[in-house]
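Notes to accompany the following structure.
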There are 2 protein chains.
Amino acid sequence: MAQAIDLSPKKQPQQARARASVEAMLDACTRLLVDEGYEAVSTNRVAEVAGVSIGSLYEYFPHKQSLVAAALARAMREVMDEVGRSLRTALALPHQPHDGIDHWMRGMIAALEQRENLLRVALREVPFFWSIPEVREFSRTLQKFGKEGQYKSQRVIHFEDPEASTYLLMNMTWAAVLQTVLHRPAHLSRERLTRTLVDMVLKLL
Amino acid sequence: MAQAIDLSPKKQPQQARARASVEAMLDACTRLLVDEGYEAVSTNRVAEVAGVSIGSLYEYFPHKQSLVAAALARAMREVMDEVGRSLRTALALPHQPHDGIDHWMRGMIAALEQRENLLRVALREVPFFWSIPEVREFSRTLQKFGKEGQYKSQRVIHFEDPEASTYLLMNMTWAAVLQTVLHRPAHLSRERLTRTLVDMVLKLL
DNA sequence: GTAGTACCTGAGTCCTTGCTCGGGTTAGCT
DNA sequence: AGCTAACCCGAGCAAGGACTCAGGTACTAC
């Protein structure tokens, strides 16, 4: 099992030139993850693709894991931002609750779809993915979003155990969205799954 | 991304002695996966732990992946058997439907719990996990179980799109069960989650 | 100008690991 | 007993990959 490693970067770039180099490294790492999977990511190749030398890479990242973690953390922050934005516009919609749920689901699906291959690799191949702070935070934020949505739309799930049901609802929904994007069977279109998912969530509220 | 590889074994053991060796290899591989994760599994170590030589290992497995795939396939067959058994006893219960769903959920959770760490590693670290035939079959069988349960218990989800809703229901349920076992937060007991999950599934039927 | 710091370079070291291969041992059959 | 095929052995090869280090180049401050 993946044991705890320090995933933090080594030192921060000070000048613009160096910041560009680090960005290039992260871009290259992301590209390799997407195109060839985690096993194919070697520090030498990342440096090559980024157009910097291997020595420069180790200026800013103490080891391979911290590089991959930084690339994934950046992506997760982007996803989280988009999901948060789509929640806020969903809550501002006049025709609650169907339209709100619908908008939010589509927002989440769109956010994932843009990074489909990266997320697939991250979730299925990167051993320390769940140790990345941004990923842990993502789960927490998702829970917060769930409560926020219920609160603002004046709807609460009425089960014996509200805390457990909110938790499960969010996780099931998230899993279904992930499934829809990453693992959808050919005979079920994204549209059909989205519509049905919205119906199911409404039924649970 | 993980490309397609031939995951089938090389040749079958003929004599009892050889069958025992192969079993020992699979056991050792499973143990290493559970204890130290996919990255720590090297063919040399598997042979060492199994008490056979590296040469013998390559008699029966053409490469590392086929060994890991065989170990995981064996585990998946066991899980599938248990889940199937618990579904059948659930359907035979007199007090439908709450008791049935409850029994089935608990059966699934128990089946996963026994192999908690192995599944965690398989799902999160093994790049070719979803290419293993037994895993693909597992997903299909789960869908079949879902339809079977609905049919025999005379309950069908009444949504506009029955096919998509069955698909989603099974996947969401499965995801929630997995979540409960592999990633449960400390403040929510397994029992609370199980009970709430049963309620939610019932509400959707 | 010059000192100091940030930044960059890439050949090379060391280690791990997947896998081979030549040769030995055991089981089963006639 | 003798023959064949199944089975087992493990030193070692070849490749690849994480990471170092000794020495350069570009900024910045005074």
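The sequence lines fix the lettering, A, B, ..., with proteins before strands; numbering per chain opens at 1. As a basis for the values below, the full set of heavy atoms in this structure was taken, side chains included, without hydrogen atoms, waters or symmetry mates.
- Positionally, the nearest nucleotide of DNA chain C for S56(A) lies more toward the 5' end than for the other of S56(A) and N44(A).
- Looking at heavy-atom distances under 4.0 Å, V22(B) makes no contact with the nucleic acid at all.
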Exercise. Check step by step if salt bridge (charged side-chain N to carboxylate O under 4.0 Å, His left out) holds for D199(A) and R195(A).
Key: CA-CA 6 Å; D199(A) 284 354; R195(A) 262 207 287 266; over 6 Å; no

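- What separates NZ of K11(A) from C1' of dT5(C) is a distance of 9 Å, to the nearest Å.
- One finds a salt bridge joining D102(B) and R106(B) here, because a Lys/Arg side-chain nitrogen approaches an Asp/Glu carboxylate oxygen to under 4.0 Å.
- The 5' end of DNA chain D is approached more closely, in terms of each residue's nearest nucleotide, by G55(A) than by the other of R17(A) and G55(A).
- One interatomic measurement links the two molecules: CD of E39(A) to C1' of dT16(C), which rounds to 14 Å at whole-angstrom precision.
- Within 4.0 Å (heavy atoms only), E59(B) reaches at least one base atom of the nucleic acid.
- For the pair F61(A) CZ and dC8(C) P, the interatomic distance rounds to 12 Å; values are reported in whole Å.
- A straight line from CG of L57(B) to P of dC9(D) spans 11 Å, rounded to a whole angstrom.
- For the pair T30(B) and R74(B), the tightest heavy-atom approach, listed with the atom from each and the gap, is OG1-NH2, 3.8 Å.
- When rounded to the nearest whole Å, the span between OH of Y58(B) and P of dG23(C) equals 22 Å.
- Summarising the geometry, the separation between NE2 on H63(B) and P on dA14(D) is reported as 22 Å, rounded to the nearest angstrom.
- Proximity of Y60(A) to the phosphate of dC8(C): a side-chain N or O atom is located under 4.0 Å from OP1 or OP2.
- Here dT28(D) presents its P atom at 12 Å from CD of Q14(A), a figure rounded to the nearest Å.
- In this structure, I54(B) and S21(B) both approach DNA chain D, and ranking their closest nucleotides by distance from the 5' end singles out S21(B).
- The pair R120(B)-E116(B) meets the salt-bridge criterion, with a side-chain N (NZ, NE, NH1 or NH2) lying under 4.0 Å from an Asp/Glu carboxylate O.
- Nearest heavy atom pair, residue Q65(A) against residue F128(A), reads CG-CE2, 3.4 Å.
- OP1 or OP2 of dC8(C) has not a single side-chain nitrogen or oxygen of S53(A) nearer than 4.0 Å.
- Phosphate contact (OP1/OP2 of dA18(D), side-chain N/O of T43(A), threshold under 4.0 Å): present.
- Within 4.0 Å (heavy atoms only), V41(A) reaches sugar-phosphate atoms of the nucleic acid but no base atom.
- The distance from atom NZ of K64(A) to atom P of dT16(C) is 16 Å, rounded to the nearest whole Å.
- Note on S42(B): only backbone sugar-phosphate atoms sit closer than 4.0 angstrom, heavy atoms only; bases stay farther off.
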